[in-house]
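Predicted, not measured: the structure shown is a model, and the values here were computed from it.
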Amino acid sequence: MTIQTLFGPETITTKPRSIKFKTIKAIYETLTIKEEIGHYFEPGTRFTSPLQIFNMFSFLANETKEHFITLHLDGKNKIVCIDQVSTGSLNQSIVHPREVFKTALLSSAAAIVLLHNHPSGDPAPSREDREITRRLKEAGDLLGIRVLDHMIVGDTYMSFVEMGLL
């Protein structure tokens, strides 16, 4: 004789448990600009030169604070998203690779262009500009998102690619 023959098969009753997880969903906001901008930006424009980007973002030269923006590009170098990463003070803005690539991953960007302004008007890169560019390029290489250029807008522009710094 066994316990099973005396008492029958052992049954354990359990209440179903619920498990809660937090999920993250990408939410995009579409901005509609109702101005005559046909000459400014044509949808589907393929960006092939720093001068094109400067012409599009030259208005940053008039800003009194530093703005750091990333342009998210698809595989054909067309803009899929524009992200204002940081707005800083007169001569600096805080930029971290985590903030730059968080949105680039969500937009499925194949590449990015880094862009910021110098309110002083002098587009020469500072030591900090060179350092953050190096860090962002390394992070992009790890994530498989190419950093195509870092441009500084002032009275004119400076392109890291044209200067051989990237």
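Hydrophobic clustering (ILVMFWY, side-chain heavy atoms < 4.5 Å, transitive): Val80 and Leu106 are in distinct clusters. At a threshold of 4.5 Å between side-chain heavy atoms, the hydrophobic network of Ile, Leu, Val, Met, Phe, Trp and Tyr places Leu166 and Phe68 in one connected group. In terms of hydrophobic clustering, with Ile, Leu, Val, Met, Phe, Trp and Tyr side chains grouped at heavy-atom distances under 4.5 Å, Val95 and Leu165 are assigned to a common cluster.
To the nearest 0.5 angstrom, Asn77 atom CG is 5.5 Å from Leu148 atom CG. Here the OG atom belonging to Ser58 is positioned 12.5 Å from the CD1 atom belonging to Ile53, to the nearest 0.5 angstrom. Rounding to the nearest 0.5 Å gives a distance of 5.5 Å between CG of Leu115 and CG of Leu71. Considering CD1 of Ile112 and CD1 of Ile79, their distance stands at 12.5 Å, rounded to 0.5 Å. Separation of atoms CE (Met163) and CZ (Arg130) is listed at 7.5 Å; rounding is to 0.5 Å. Note that CE of Met151 is 6.0 Å distant from OG of Ser159, once rounded to the nearest 0.5 Å.
The side-chain hydrogen bond (donor to acceptor under 3.5 Å, both in side chains) search around Asp129 returns His116, His118, Ser126, not counting sequence neighbours. Judged as a salt bridge (charged side-chain N to carboxylate O under 4.0 Å, His left out), and not counting sequence neighbours, Glu128 has no contacts. Phe54 is linked by a ring pair (Phe, Tyr, Trp, His ring centres under 6.0 Å) to Tyr157, counting only residues two or more places apart in sequence or in another chain. Evaluation of the side chain to side chain contact (heavy atoms under 4.5 Å, CB included) rule for Glu138 yields Arg134 as partners, not counting sequence neighbours. For Arg46, there are no salt bridge (charged side-chain N to carboxylate O under 4.0 Å, His left out) partners two or more places apart in sequence or in a different chain. Legend: residues meeting salt bridge (charged side-chain N to carboxylate O under 4.0 Å, His left out) with Glu162, ordered by chain and number and at least two apart, are absent. Legend: residues meeting side-chain hydrogen bond (donor to acceptor under 3.5 Å, both in side chains) with Ser86, ordered by chain and number and at least two apart, are absent.
Lys65 is not listed as a side-chain neighbour of Pro119, based on a closest heavy-atom distance of 4.5 Å or more. Side chains of Phe101 and Thr70 form no contact here, defined as non-hydrogen atoms less than 4.5 Å apart. In this structure the side chain of Leu114 never reaches within 4.5 angstrom of the side chain of Asp149, judged on heavy atoms.
Closest approach of Pro97 and Ile132 over heavy atoms only: CD-CD1, 4.4 Å. When all heavy atoms of Gly154 and Ala61 are compared, the closest pair comes out as O-CB, 3.2 Å.
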Run Met158 and His150 through side chain to side chain contact (heavy atoms under 4.5 Å, CB included) and show every step you take. CA-CA 8 Å; Met158 196 287 308; His150 183 173; over 6 Å; no
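Side chain of Asp83 to main chain of Ala104: no donor-acceptor pair is present (N/O by atom type, distance under 3.5 Å, no hydrogens or angles). Using a distance-only test at 3.5 Å, with no hydrogens or angles considered, a donor-acceptor pair links the side chain of Asn117 to the main chain of Leu60.
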Please tabulate, one pair per line, all N/O donor-acceptor pairs under 3.5 Å involving side-chain atoms of residues 139-146, not counting sequence neighbours.
unit_1 : atom_1 : unit_2 : atom_2 : d
Asp141 : OD1    : Lys137 : NZ     : 3.3
Asp141 : OD2    : Lys137 : NZ     : 3.3

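For residues 95-117, the set of pairs meeting the salt bridge (Lys or Arg N to Asp or Glu O under 4.0 Å) definition, not counting sequence neighbours, comprises Glu99-Lys102.
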